[in-house]
Amino acid sequence: MANNLNSLPLTTLKGIGEEMAKAFKELGIETIYDLLWNFPYRYEDYRMRDLTEVENGERITVFGEVLTEPTVSYYGRKKSKLSFRLSANGQVLKIDFFNQPYLKNKVELNSEVTISGKWDRNRAQITASKFHAGLKAQEENFEGVYRLKGNLRNKTILKYTKQAFELYGNQIEEVIPEEFLQKYKLISRVDAVKRLHFPKSEMELKQARRRMVYEEFLLFQMKMQFFRKIERERSGGVSIDYDVKELRGYIDSLPFPLTNAQKRVVNEISGDMKSHFHMNRLLQGDVGSGKTVVASIAMFAAATSGFQSALMVPTEILAEQHADSLFELLEPFGITVGLLTSSVKGKKRRELLAMLEAGELDVLIGTHALIQDDVVFKRLGLVITDEQHRFGVNQRRFLREKGEYPDVLFMTATPIPRTLAITAFGEMDVSIIDELPAGRKEIETFWVKHEMLDRVISFMEKEIEQGRQVYVICPLIEESEKLDVQNAVDFYNILLGKWKGKYTPGLMHGRLLPTEKEELMREFNDGKIDCLVSTTVVEVGVNVPNATMMVIYDADRFGLSQLHQLRGRVGRGSHQSYCILIADPKTEVGKERMTIMTETNDGFALSERDLELRGPGDFFGKKQSGIPEFKVADMVHDYRVLELARQDAAKLIFEEDFMNEPRYKQLRNLLESLGVFSEEKLD
Ligand code: ADP
Ligand code: MG
């Protein structure tokens, strides 16, 4: 960002005084740099096109001969219409200019003129906005349209941007290293700035955009990779020197072969563990993709080299389920597994903590209870959190600080689109399980209207008749906890009335005590309840393989990712499973969501669609998103470039002598001026 441009005030331009400078300031433009980097958000297209190519209502520019004297008619206060006929493109067109009566002196009979405006095909008429005597030059085909505020006009911005570029354009320094300019055939920085403001063709614009998108992403990723390097190389990261042979023995003992995706992420994780770099890794995998097994492998590895592991999950039910399955997997190898939740109390708790401190416990699974002060590990080497979105940053850090800076693995089934993952979690490494174990049956998803409720209930009965179980989920209505419960209560009552003891429904909602919820969940798990009607408290991680049907009431109130999470509660056993969405969405987006759900079971595909429908700001919720604003780049549409920029930045930061190489001087200076090297750290 040629530093000097950033310190040159706008008033250095001819014609900009204090007053005008103030107006620009409203737009956040205070320096020459700001002005040059204030790119149009769209372009008026003044290209001449054949009339037959132009759709009704589109903008068109035509060149032709004035056939009639222009006439002006006035109406209302200060309103006028100037009309004449024009011969262009072998047609006679009616041209109307509103509120530009002064054009009457410029439009000469039989002269040739260029006119731009909106094309009304049916009336062969143009509602014109631009007039140019003679043939308008080619290079003015596109005109940038800028954000405006107050009295500033587009024309004014264009004018001063042009002046600024003419005076100072030659001071715009290249910052992208030559090797990448060549590799991607990118145009220079100064050309890109020029073309973004004054493009001569679509091709020029495209090249300019491509260059700027890459630049923005590279700068951003340099920052992320720089933080990542600091994180990784922070002193005291543990090297977990596990026994490869033993680990292989464990993997071979599993009742199934790992999927290729599981193998890949196991390699990524074990590589991190072995190195004395500090692991800070996000493990993403759709529900049922086999993350728990991967976690067990990592914990096994830690145990073979004498380190303890902790697994922290958001609910007691989930903690118990994980404890059960990990116990089964790990105990045969002599690895001790403990469970700590707030229900573990008194003597039992004291004994457990004593074992932990003495190093007699290899693996501890639990909820928030794990981060209490009196939970002391002897040698904590690995911390895993499941569904990390549920834990605040502080809780995560707290657990990390319990060991000598242990390796950290965050597991999540929320399929964060890769685009977002590498930005929002840019300082983490990301491992993805993008493959389900073989032999899984696709969950069949249907979308029905509310009027079909009776048929849905018959369908539920059919499943129950075959020994299966059903979930019914009613949405949480944030403003009204009462309403939220009411939905579930109503549904439950309908079932009670219909079934009259033939089948057993259960009712679960957020106002029950934790112990009551646990009890209900246990009864459902044990098959004592046929149909669990619930608010979204059931969402996270529960595993009841006999449940084969997920009915979601008012499904249009949920986001795609959440619907997918809910759907993931079924399809966990060998039986065919179903998901029924009951919804009468009012909006197009709502309808589209329902349709998408019926079309795909792929969580990543869904999350990409969700991102498109909602935009990145909404995806995580505004506050925590930490997603930067780019001027030209668009994370969703340019994600391929984002990925390339990430790789390039990583290469520069980790493989090259970036801080000393003369050829990176410009880029270094720019990053320095952005404060990248001085900032403490990301969290
Ligand atoms: P996640 O935690 O990602 O939702 P889990 O680890 O709970 O998934 O795995 C879901 C189910 O799939 C479990 O019953 C597990 O035993 C099984 N599973 C995991 N990996 C495989 C595999 N490679 N082949 C077959 N089944 C697997
Ligand atoms: Mg899981």
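Counting starts at 1 for both ligands and their atoms, following the listed order.
Every atom of ligand 1 with a heavy atom of L258 under 4.0 Å away is listed here by number and element: 23 (N). Residue-ligand proximity, T292 to ligand 1, at heavy-atom distances under 4.0 Å covers atoms 2 (O), 5 (P), 6 (O), 7 (O). In summary, the atoms of ligand 1 found under 4.0 Å from a heavy atom of S289, numbered by their order in the structure, are 3 (O), 8 (O). Close approach of ligand 1 to T259 is summarised as follows: ligand atoms under 4.0 Å from at least one heavy atom of the residue are 23 (N). Those atoms of ligand 1 that come under 4.0 Å of a heavy atom in G290, given as number and element, are 1 (P), 3 (O), 5 (P), 6 (O), 8 (O), 9 (O), 19 (C). Interface of P257 with ligand 1, defined as ligand atoms under 4.0 Å from a residue heavy atom, comprises 22 (C), 23 (N), 24 (N). Atom numbering of ligand 1 starts at 1 in the shown order; those under 4.0 Å from a heavy atom of V293 are 6 (O), 19 (C).
Residue contacts with ligand 1 for D286 involve N, CA, C or O but no side-chain atom from C-beta outward (heavy atoms, distance under 4.0 Å). For M411, no heavy-atom contact with ligand 1 is shorter than 4.0 Å.
Shown here is F446, whose CZ atom has more than 12 heavy atoms of other residues, nucleotides or ligands within 6.0 Å.
Just one of H575, R572, R468 meets the side chain to side chain donor-acceptor pair (under 3.5 Å) condition when paired with N546; it is R468.
Summarising the geometry, atom CZ belonging to F524 is positioned 7.0 Å from atom SG belonging to C531; distances are rounded to the nearest 0.5 Å.
Side-chain contact between I464 and W499: present, with at least one pair of heavy atoms (C-beta onward) separated by less than 4.5 Å. Contact of the M355 side chain with the L364 side chain is not registered, since no non-hydrogen atoms from C-beta on lie closer than 4.5 Å.
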Donor-acceptor contacts under 3.5 Å from residues 329-339 side chains, at least two apart:
unit_1	atom_1	unit_2	atom_2	d
E331	OE2	V337	N	3.0
T336	OG1	E360	O	2.8
T336	OG1	D362	N	3.0
T336	OG1	D362	OD2	3.2

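Side-chain contact check for E268 and S431: at least one donor-acceptor pair (N or O, by modelled atom type) lies under 3.5 Å.
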